[in-house]
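Below: the structure, in structure tokens.
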Amino acid sequence: MNDPVFLRAARGESVERVPVWFMRQAGRSLPEYRALRGTGSILEAIADPALACEITMQPVRRYGVDAAILFSDIVVPYHAIGFGVDVVPGRGPVIAQPFASAADLDRLTDLTESQIKHVTDTVDLVVAELADTNTPLIGFAGAPFTVASYLVEGAPTREFAVIKTLMHRDPVLFDHLLDRLVAITITFLRAQVAHGARAIQLFDSWAGSLTRDEYQRFALPATQRVLEGIADLNVPTILFGVGTGELLPLMATAPSTVLGIDWHVDLDEGRRRAAKPVQGNLDPARCLGGVDLGVAAAREILARAGRESGYIFNLGHGVLPATDPAVLEAIVRVVHDEGMAGVR
Ligand code: CP3
């Protein structure tokens with residue numbers, strides 16, 4: 001069978017239509033998600049492979065997107081090793097005892113496959129369901145810097161003051177922390193691919209909080225090592241962060257196949273800075289005004305995407321919970337019908 005359009009676009013090859021998927025496509029914008037999900041911690045839902053598989057499939061069925069993304073979370077491996085993580089609805093990951101000193105390195109033990117059996121069982125179920133349509137499953141992890149920001153801050157933050165203080169006050173300890181996260185992340189990603197994930201996205205969501213010097217010193221090397229640690233698996237990789245306009249040329253030096261572009265940079269300019277295949281970058285807020293406004297916004301992105309190959313349509317960050325699924329349905333149609341990038 002031909003490789004699906006998503007994988008070919010990621011590799012910069014020609015396609016018969018522009019592929020599209022949405023970060024956070026499985027989630028609270030879908031009524032069928034809210035109906036299944038109940039009120040417990042999201043980590044409980046993720047621990048139930050049949051439920052997690054069904055949630056992964058919901059947006060694939062409804063939208064006809066060109067890839068599924070595993071229903072999981074960037075904190076799952078750290079929960080699995082017993083670091084003391086919960087995900088509080090409406091708030092995000094919270095750590096009972098945040099990482100603060102060298103003694104905490106011992107709490108970041110290597111991840112074993114048995115600790116994430118629920119994840120690989122979910123991958124098995126999803127891959128079996130996707131086989132008919134040859135739709136690829138994207139596995140993912142948080143990039144070391146973004147994960148470190150949660151482990152050190154202990155909760156979502158806008159300032160990143162605790163982690164920035166730690167990295168500048170004790171760069172050696174920070175390097176040791178990232179070493180631990182690199183090892184765990186590689187194991188987590190390799191397990192997903194071994195069970196059939198056909199692409200990987202590395203979420204460095206909060207890299208945009210760093211200056212270029214900080215990114216180069218404190219984030220990029222660990223991201224590079226993660227990507228090198230899965231390079232032999234030969235699956236396309238996507239590196240993504242938010243507010244990364246100034247960082248894109250540096251991020252592009254990491255060996256990912258694709259660079260994810262958030263909405264702060266015009267897509268054509270983002271493509272120039274990346275100089276490799278790109279994914280993005282419709283502002284998720286522009287999906288909140290109904291179908292006509294959403295479709296018009298998607299057309300602006302398609303115009304900036306141009307005709308050159310190596311383009312995957314996505315939002316510039318995750319789907320907002322208030323998004324009407326009808327808007328995303330209409331956007332998938334317009335991308336498939338009108339997208340020209342790489343179409344021969
Ligand atoms: O559809 C998909 O994209 C797959 C599912 C997915 C989730 N988390 C499920 C989830 C993915 C790819 C993630 C990654 C993730 N988790 C990131 C990187 C992507 C990004 O948004 O930048 C980050 C930073 C996290 C940490 C995290 N987990 C946050 C900030 C939140 C939101 C808290 C809230 O309630 O608003 C979560 C919880 C979470 N993870 C939800 C979902 C669907 C929502 C809460 C729920 O349904 O209980």
Side-chain angles (χ1 to χ4, degrees), residues 20-48 51-63 65-79 85-95 119 122-123 126 137-151 153-158 160 163 185 188-189 192 197 199-209 223 238-244 260-264 279-281 284 314-323 325 328:
V20 48
W21 69 282
F22 303 108
M23 292 183 274
R24 293 285 177 93
Q25 63 191 16
R28 287 170 295 181
S29 64
L30 288 178
E32 59 268 35
Y33 172 81
R34 295 193 298 267
L36 268 189
R37 174 70 179 74
T39 52
S41 165
I42 190 172
L43 295 171
E44 290 165 30
I46 291 167
D48 178 344
L51 179 60
C53 170
E54 177 57 24
I55 292 173
T56 301
M57 291 301 300
Q58 284 176 341
V60 179
R61 289 191 205 110
R62 182 193 272 258
Y63 298 130
V65 282
D66 296 286
I69 181 158
L70 187 68
F71 182 70
S72 178
D73 196 84
I74 62 170
V75 298
V76 161
Y78 306 92
H79 181 248
V85 184
D86 200 4
V87 180
V88 178
R91 187 148 179 249
V94 174
I95 314 292
V119 176
T122 304
V123 174
V126 171
L137 172 67
I138 303 169
F140 72 92
F145 168 75
T146 287
V147 168
S149 77
Y150 285 107
L151 301 189
E153 298 278 343
T157 170
R158 282 174 188 277
F160 300 89
I163 188 167
T185 306
F188 188 53
L189 292 174
Q192 294 174 60
I200 287 296
Q201 180 152 324
L202 202 52
F203 285 96
D204 210 352
S205 301
W206 312 136
S209 67
T223 288
I238 305 163
L239 176 61
F240 167 77
V242 182
T244 54
I261 314 278
D262 79 283
W263 75 93
H264 296 90
Q279 169 179 285
N281 74 341
N314 204 314
L315 305 184
H317 198 185
V319 174
L320 295 167
T323 306
L328 300 185

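When reading the values below, keep in mind they use all heavy atoms of this one structure, side chains included, and skip hydrogens, waters and symmetry mates. As the structure lists them, so they are numbered: ligands from 1, and atoms in each ligand from 1.
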Contact atoms of ligand 1, heavy-atom distance to [X] under 4.0 Å:
| X | value |
| --- | --- |
| S205 | 18 (C), 19 (C), 20 (C), 22 (O) |
| P93 | 26 (C), 27 (C), 29 (C) |
| H317 | 20 (C), 21 (O), 22 (O) |
| V87 | 37 (C), 38 (C) |

Run the contact test for [X] against ligand 1 with a 4.0 Å cut-off on heavy atoms, strictly below, and give the result.
| X | answer |
| --- | --- |
| Q201 | no |
| P156 | no |
| G318 | no |
| Y33 | yes |

May I ask you to test the [X]-[Y] pair for a side-chain heavy-atom distance under 4.5 Å?
| X | Y | result |
| --- | --- | --- |
| L189 | L202 | yes |
| Y150 | V87 | no |
| P325 | P31 | yes |

> Would R61 and E32 pass as an ion pair if we require N to O under 4.0 Å?
Replying inline: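 Judged by the 4.0 Å cut-off on N to carboxylate O distance, R61 and E32 do not form a salt bridge.
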[X] and [Y]: which non-hydrogen atoms are nearest, and at how many Å?
| X | Y | value |
| --- | --- | --- |
| L36 | L51 | CD1-CD1, 3.9 Å |
| A141 | F188 | CB-CD2, 3.9 Å |
| P284 | G316 | CD-N, 4.2 Å |

Can you tell me how far the [atom1] atom of [X] sits from the [atom2] atom of [Y], to the nearest 0.5 Å?
| X | Y | atom1 | atom2 | result |
| --- | --- | --- | --- | --- |
| L30 | Q58 | CG | CD | 6.0 Å |
| D86 | I42 | CG | CD1 | 10.5 Å |
| I238 | I261 | CD1 | CD1 | 11.5 Å |
| E54 | T122 | CD | OG1 | 12.0 Å |
| M23 | N314 | CE | CG | 4.5 Å |

When you measure from [atom] to every protein heavy atom, which one gives the shortest distance, and what is it?
| atom | answer |
| --- | --- |
| atom 35 (O) of ligand 1 | G90 N, 2.6 Å |
| atom 41 (C) of ligand 1 | I42 CD1, 3.4 Å |
| atom 1 (O) of ligand 1 | A26 N, 2.9 Å |
| atom 23 (C) of ligand 1 | I74 CD1, 3.5 Å |
| atom 11 (C) of ligand 1 | F140 CZ, 3.5 Å |

> Taking distance alone, with no angle check, do R37 and ligand 1 share an N/O pair under 3.5 Å?
Replying inline: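 There is such a contact, yes.
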> ligand 1 and G92, any nitrogen or oxygen pair closer than 3.5 angstrom?
Replying inline: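 For ligand 1, there is no N or O atom that lies under 3.5 Å from one belonging to G92.
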Check each of [options] against [atom] and report the one with the nearest heavy atom.
| atom | options | value |
| --- | --- | --- |
| atom 36 (O) of ligand 1 | R24, R28, E44 | R28 |
| atom 24 (C) of ligand 1 | F240, F203, Y150 | Y150 |
| atom 16 (N) of ligand 1 | T146, D73, I69 | D73 |

Using a 4.0 Å heavy-atom cut-off, which part of [X] comes near ligand 1: side chain, backbone, both, or neither?
| X | result |
| --- | --- |
| S72 | backbone |
| P89 | backbone |
| L70 | backbone |

> Are F140 and F240 near enough that their ring centres are under 6.0 Å apart?
Replying inline: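 No - the distance between ring centres of F140 and F240 does not fall below the 6.0 Å cut-off.
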